[in-house]
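Data block below; observations after.
Order of listing sets the numbers, starting from 1, for every ligand and every atom in it. This structure is a prediction, so every number in the text was calculated from the model and none was measured.
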Amino acid sequence: MASRDRRAISFEFFPPRGEEGREKLMEVAKKLQQCQPEYVSVTFGAGGSTQQGTLETVLDLMRSGFAVAPHLSCIGSTRSSITALLDQYRQAGVQRIVALRGDMPSGMRDAGDLHYANELVAFIRQHSGDYFHIEVAAYPEFHPQATSATADLDNFARKVAAGANSAITQYFYNVDAYSRFIEAIAARGVTLPVIPGVMPITNLTNLARFSAMCGAEIPRWLRLRLEAFGGDAEGLREFGLEVTAKLCQQLLQAGAPGLHFYTMNQSAATLRLWQSL
Ligand code: FAD
């Protein structure tokens with residue numbers, strides 16, 4: 001991005017498994033450091049074993065010089081466990097949190113003390129005041145469990161009213177969905193920065209699996225073009241990154257305040273996209 005028009009970019013990682021994964025992630029992060037991200041974020045597994053991994057990864061990345069935003073989900077957690085984490089993060093110098101409801105892991109019965117992200121945002125504000133910059137999730141194509149588009153927009157406005165500072169979207173491949181979302185929240189008086197989440201297209205099987213889970217649409221034309229590559233993984237990747245680069249450009253032209261890249265703990269695709277901007 002040209003320096004006169006520098007919009008914030010950020011990268012998302014997940015906690016790696018084992019020592020080898022940890023070393024590999026640090027190499028990936030080092031390569032991405034040249035992009036000067038505003039911050040990097042680390043995902044969090046609701047009620048699961050990755051919670052300790054999130055904290056360790058956050059600390060590793062902070063030691064490497066990044067500003068880091070841990071994701072924090074409330075489903076299945078108690079107020080006291082959330083308080084303990086918030087205090088740990090604050091003590092470590094974390095200044096930004098991505099606050100989420102999360103999803104109940106299969107087999108877990110107790111939904112915990114806080115049931116929706118707006119309750120978590122309110123709880124963080126109650127516990128830590130204005131200390132943290134709070135990001136929340138936004139769904140331009142709507143959350144898969146939302147009873148209607150209107151109900152989902154109302155929920156988003158509730159999260160903002162509870163004290164969110166900015167939002168990161170679920171990934172999508174339809175610029176209009178983003179622009180319409182911004183218009184719809186503005187009509188509700190909500191004007192905070194909403195940063196598009198960008199999933200680089202490099203592999204159709206994985207993309208189709210994630211998209212089915214999170215409700216992100218792969219447009220028909222795109223799915224058919226990707227399917228046509230068959231076993232030509234390299235051809236698919238080239239085409240997929242070209243499509244994703246165009247999406248990024250269109251989003252910035254449409255006024256997006258920045259881009260948040262779902263790196264999948266890989267550097268090559270994200271670096272390519274960054275260079276294309
Ligand atoms: P909410 O905003 O609480 O919304 C969840 C659903 O409930 C929506 O359908 C909403 O319309 C509805 N709703 C909200 N409030 C009410 C209410 N009062 N009454 C009735 N319905 C209501 N998941 C993880 O487990 N770990 C992560 O690290 C993680 N990171 C993410 C990062 C981003 C940028 C995004 C977009 C998603 C991430 N997720 C993560 C996935 C997220 O946890 C799921 O999409 C989850 O299902 C919803 O979380 P939320 O914070 O959007 O929930």
Ring center gap for F210 and Y262 short of 6.0 angstrom
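Centroid distance F210-Y262: not below 6.0 Å, so no.
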Can the ring centroids of F229 and F239 be said to lie less than 6.0 angstrom from one another?
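Aromatic pair counts; centres sit under 6.0 Å.
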Pick one of side chain, backbone, both or neither for how H115 approaches ligand 1, counting any non-hydrogen atom pair under 4.0 Å.
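H115 to ligand 1: no contact under 4.0 Å from either part.
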Ligand 1 versus R101: contacting region, heavy-atom distance under 4.0 Å:
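Under 4.0 Å from ligand 1, R101 contributes backbone and side-chain atoms.
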Would you mind checking if [Y] and [X] are paired as a salt bridge, meaning a charged N to carboxylate O distance below 4.0 Å?
X    : Y    : result
E27  : K24  : no
R63  : D60  : yes
E227 : R223 : yes

Going by the order shown, which atoms of ligand 1 are within less than 4.0 Å of some heavy atom of [X]?
X    : value
T43  : 28 (O)
D152 : 8 (C), 9 (O), 10 (C), 11 (O)
K159 : 2 (O), 52 (O)
A146 : 9 (O), 11 (O)
Q170 : 36 (C)
A137 : 35 (C), 36 (C), 52 (O)
Q145 : 9 (O)

Option of least heavy-atom distance to [atom] (set: [options]):
atom                    : options               : answer
atom 19 (N) of ligand 1 : Y262, F156, Y116      : Y116
atom 23 (N) of ligand 1 : G102, P15, G76        : G102
atom 47 (O) of ligand 1 : V98, I168, D103       : D103
atom 28 (O) of ligand 1 : F44, Y139, Y171, F142 : F44

How are the rings of F181 and F156 set to each other: parallel, tilted or perpendicular (split at 30° and 60°)?
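Correct class here is perpendicular.
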For H71 and T54, test the side chains for any donor-to-acceptor distance below 3.5 angstrom and give the result as yes or no.
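The criterion, which ignores hydrogens and geometry beyond distance, is not satisfied for T54 and H71.
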Short question: side chain of R101, backbone of S73 - any donor-acceptor pair under 3.5 Å?
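A pair under 3.5 Å: no.
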Could you tell me whether a side-chain N or O of Y178 sits under 3.5 Å from a main-chain N or O of F172, the two making a donor and an acceptor?
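No; zero donor-acceptor contacts below 3.5 Å.
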Should E119 be listed as contacting ligand 1, given a heavy-atom distance under 4.0 Å as the test?
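Heavy atoms of E119 never come under 4.0 Å of ligand 1.
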